[in-house]
Amino acid sequence: MMFSFAKFGPTDYVIHFKQGRIRREGRGLSFFYWVPTSSIVSVPVGSADLPFVFQLLTGDFQTVTVQGQLTYRVVEPRKLADLLNFTVNPAGHYLSTDPQKVGQRLINEAQTSSATSVSQRPLRDILRSADDISAAIFAGLRSSESAQMLGIEPVRVSVTSVTPTPEMGRALEAEARERLQQEADMAVYARRNNAVAEERKIKESELNTEIAVEEKKRLIRETQTQADISIEERRKALVELQADNERKSAETKAFALDAMLKPLAGIEWEKLVVLSGGATDARVTIAHAFRELAANAARIGSLNITPDLLQSLVEGRDKP
């Protein structure tokens with residue numbers, strides 16, 4: 001049969017050419033057509049994924065492998081159909097390899113954008129910059145004249161890994177291990193220093209406590225000393241007051257005695273003896289006589305004192 005039926009999905013933009021003119025076009029069409037005079041163009045307008053793997057050179061001349069995936073879609077199928085051959089046969093197979101060129105052209109644009117981004121930075125930064133590379137590729141595709149000319153719009157770009165060469169990877173791993181070991185050692189040192197600092201704080205606290213206790217003891221001793229000094233001062237004041245009172249009392253007694261003896265100051269003692277009643281005592285009289293004899297001893301040749309007289313004086317002394 002020279003007639004054929006064509007049916008396409010909703011993600012296929014179909015253009016039916018008949019004798020070189022567009023008979024119909026649109027998404028998801030189904031129709032009968034005359035095969036000898038018709039050409040059917042089918043441009044997929046759904047999103048498509050393209051994996052990529054690039055080997056690029058960093059700013060410090062190290063090779064890295066960038067692996068990821070880009071997603072795109074055709075937004076202007078008429079442009080793409082005008083540049084590339086998307087004609088299909090009645091079985092729905094493409095009659096040329098042009099559809100495969102779309103992905104390759106996008107891969108080339110992505111590689112150019114990623115190479116520009118990677119070549120401006122050193123290896124260490126690139127290994128941690130997958131998101132930056134993704135953003136650079138996406139921006140490069142959006143501004144690419146080739147993509148715009150083909151009517152293609154990038155949807156998403158994701159870089160899944162950025163890896164160095166095996167030799168450089170081992171070198172970086174060794175360096176990283178050494179750095180981590182140093183950090184671990186520093187952590188141990190810091191923990192020890194912290195323990196020493198805490199112990200020093202405890203010692204200082206204990207010393208401060210001892211100092212505070214000694215200060216309290218000193219204050220107590222000073223308080224006790226001040227109390228003792230106050231007591232002694234009061235005692236001294238009391239003694240001085242007592243001495244002053246005794247002195248005044250003695251002065252009073254001396255004044256009274258002086259006043260009592262002043263009238264007798266000019267009287268001879270013999271008269272005082274008589275006035276005091278001593279003349280009636282025989283012993284006083286004899287003692288007075290002996291005094292007179294002693295006073296005139298140079299005039300007396302001899303003096304006889306009988307034992308009876310001395311005995312009477314002694315006996316009189318012993319009597320109460």
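Numbering of residues begins at 1 and proceeds along the displayed sequence. Keep in mind it's a predicted model, so treat the numbers as computed, not measured.
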Original post:
Would Glu183 and Arg179 count as a side-chain contact (heavy atoms from CB on, under 4.5 Å) if you check the C-alpha gap in whole Å, the side-chain angles of each, and the deciding distance to 0.1 Å?
Top reply: CA-CA 6 Å; Glu183 293 178 356; Arg179 186 172 60 254; 3.9 Å; yes
Original post:
Is the shortest heavy-atom distance from the side chain of Ile40 to the side chain of Thr87 under 4.5 Å?
Top reply: no
Subject >> Hydrophobic cluster identity match, Phe17 and Leu95, side-chain contacts under 4.5 Å >> reply: no
Subject >> Side-chain donor-acceptor contact under 3.5 Å, Ser144 with Glu109 >> reply: yes
**OP:** Locate the shortest heavy-atom distance separating Leu83 from Leu150; write the atom from each residue and the value.
**Re:** CD1-CD2, 3.7 Å
Original post:
Is Glu199 atom CD crowded by more than 12 heavy atoms from other residues, nucleotides or ligands, each under 6.0 Å away?
Top reply: no
**OP:** Mark yes or no: Arg24 above the aromatic ring of Phe31, with NZ or CZ under 6.0 Å from the six-membered ring centre and no more than 45 degrees from the axis.
**Re:** yes
**OP:** Might you confirm whether atom CZ of Arg23 has over 12 heavy atoms from other residues, nucleotides or ligands at distances under 6.0 Å?
**Re:** no
Original post:
Any link between Val53 and Tyr72 through a network of hydrophobic side chains (Ile, Leu, Val, Met, Phe, Trp, Tyr) touching at under 4.5 Å?
Top reply: no
**OP:** May I ask you to decide whether Glu251 forms a salt bridge with Lys248, counting only side-chain N to carboxylate O separations under 4.0 Å?
**Re:** no
**OP:** List the atom of Ser134, the atom of Val157, and the distance in Å for their closest heavy-atom pair.
**Re:** CB-O, 3.5 Å
**OP:** Using a strict 4.0 Å threshold on nitrogen-to-oxygen distance, state whether Glu232 and Arg235 make a salt bridge.
**Re:** yes
Original post:
Can you find a heavy atom in the side chain of Phe86 that is under 4.5 Å from one in the side chain of Ser42?
Top reply: no
Original post:
Are Leu172 and Val162 connected in the hydrophobic side-chain network, where two residues link if heavy atoms are under 4.5 Å apart?
Top reply: yes
Subject >> hydrophobic_cluster_shared for Leu106 and Val155, side chain cutoff 4.5 Å >> reply: no
Original post:
Hey, are Gln181 and Asp185 close enough side-chain-wise for a donor-acceptor pair under 3.5 Å?
Top reply: yes
Subject >> All side chain to side chain donor-acceptor pair (under 3.5 Å) counterparts of Arg192, not counting sequence neighbours >> reply: none
**OP:** Taking the side chain as every heavy atom from C-beta outward, state whether Tyr13 and Val41 have any atom pair closer than 4.5 Å.
**Re:** no
**OP:** Could you check if a side-chain atom of Ile126 sits within less than 4.5 angstrom of a side-chain atom of Ile133, using non-hydrogen atoms only?
**Re:** yes
**OP:** Quick one: list whatever passes side chain to side chain donor-acceptor pair (under 3.5 Å) with Asn108, sequence neighbours left out.
**Re:** Gln104
Original post:
Can you list the residues that meet the ring pair (Phe, Tyr, Trp, His ring centres under 6.0 Å) rule with Phe138, with sequence neighbours excluded?
Top reply: none
**OP:** Measure the shortest side-chain to side-chain distance between Val64 and Thr163 over non-hydrogen atoms and say whether it is less than 4.5 angstrom.
**Re:** no
**OP:** Please report the shortest heavy-atom distance between Phe52 and Ser158, naming the atom on each side.
**Re:** CZ-O, 4.1 Å
Subject >> Parallel, tilted or perpendicular, as decided by the 30° and 60° cut-offs, for the rings of Phe5 and Phe32 >> reply: tilted
**OP:** Quick one: pull up CD in Glu198 and CD1 in Ile202 and give me the separation to the nearest 0.5 Å.
**Re:** 7.0 Å
**OP:** Determine whether Leu80 and Val75 fall in the same hydrophobic cluster, where Ile, Leu, Val, Met, Phe, Trp and Tyr are linked whenever their side-chain heavy atoms lie under 4.5 Å apart.
**Re:** no
Subject >> Sidechain N-carboxylate O distance under 4.0 Å for Lys217, Glu222 >> reply: no
**OP:** Taking all heavy atoms of Ser117 and all of Ala136, pick out the closest pair and write down the distance.
**Re:** CB-CB, 3.7 Å
Original post:
Considering only heavy atoms from C-beta outward, does the side chain of Ile22 approach that of Arg78 to under 4.5 Å?
Top reply: yes
**OP:** Would you indicate whether the side-chain heavy atoms of Ile152 and Leu141 approach each other to under 4.5 Å?
**Re:** no
Original post:
Closest approach of Gln148 and Lys79, non-hydrogen atoms and distance?
Top reply: O-NZ, 3.7 Å
**OP:** Kindly determine whether Tyr94 and Asn85 satisfy side-chain contact (heavy atoms from CB on, under 4.5 Å), including the steps that lead there.
**Re:** CA-CA 8 Å; Tyr94 289 110; Asn85 185 8; over 6 Å; no
Subject >> Residue pairs fulfilling side chain to side chain donor-acceptor pair (under 3.5 Å) with at least one residue in residues 55-67, sequence neighbours excluded >> reply: Thr58-Asp60
**OP:** Output, in order, the C-alpha distance, side-chain angles, deciding distance and verdict of salt bridge (Lys or Arg N to Asp or Glu O under 4.0 Å) for Arg218 and Glu215.
**Re:** CA-CA 5 Å; Arg218 185 184 64 80; Glu215 183 67 19; 2.2 Å; yes
**OP:** In sequence, state the C-alpha distance, the side-chain angles, and the governing distance for Glu175 and Arg124, and then conclude on salt bridge (Lys or Arg N to Asp or Glu O under 4.0 Å).
**Re:** CA-CA 12 Å; Glu175 183 180 357; Arg124 296 178 186 277; 2.6 Å; yes
Original post:
Is the number of heavy atoms from other residues, nucleotides or ligands within 6.0 Å of CD (Gln69) greater than 12?
Top reply: yes
Subject >> Inter- and intrachain pairs under ring pair (Phe, Tyr, Trp, His ring centres under 6.0 Å), touching residues 202-235, at least two apart >> reply: none
Subject >> Nearest atoms (heavy-atom pairs only) where Leu56 meets Gln111 >> reply: CD2-CG, 4.3 Å
Original post:
Does any non-hydrogen side-chain atom of Met2 lie less than 4.5 Å from one of Trp34?
Top reply: yes
**OP:** List in chain and number order the residues that pass side chain to side chain contact (heavy atoms under 4.5 Å, CB included) with Asp82, two or more places apart in sequence or in another chain; answer none if no residue qualifies.
**Re:** none
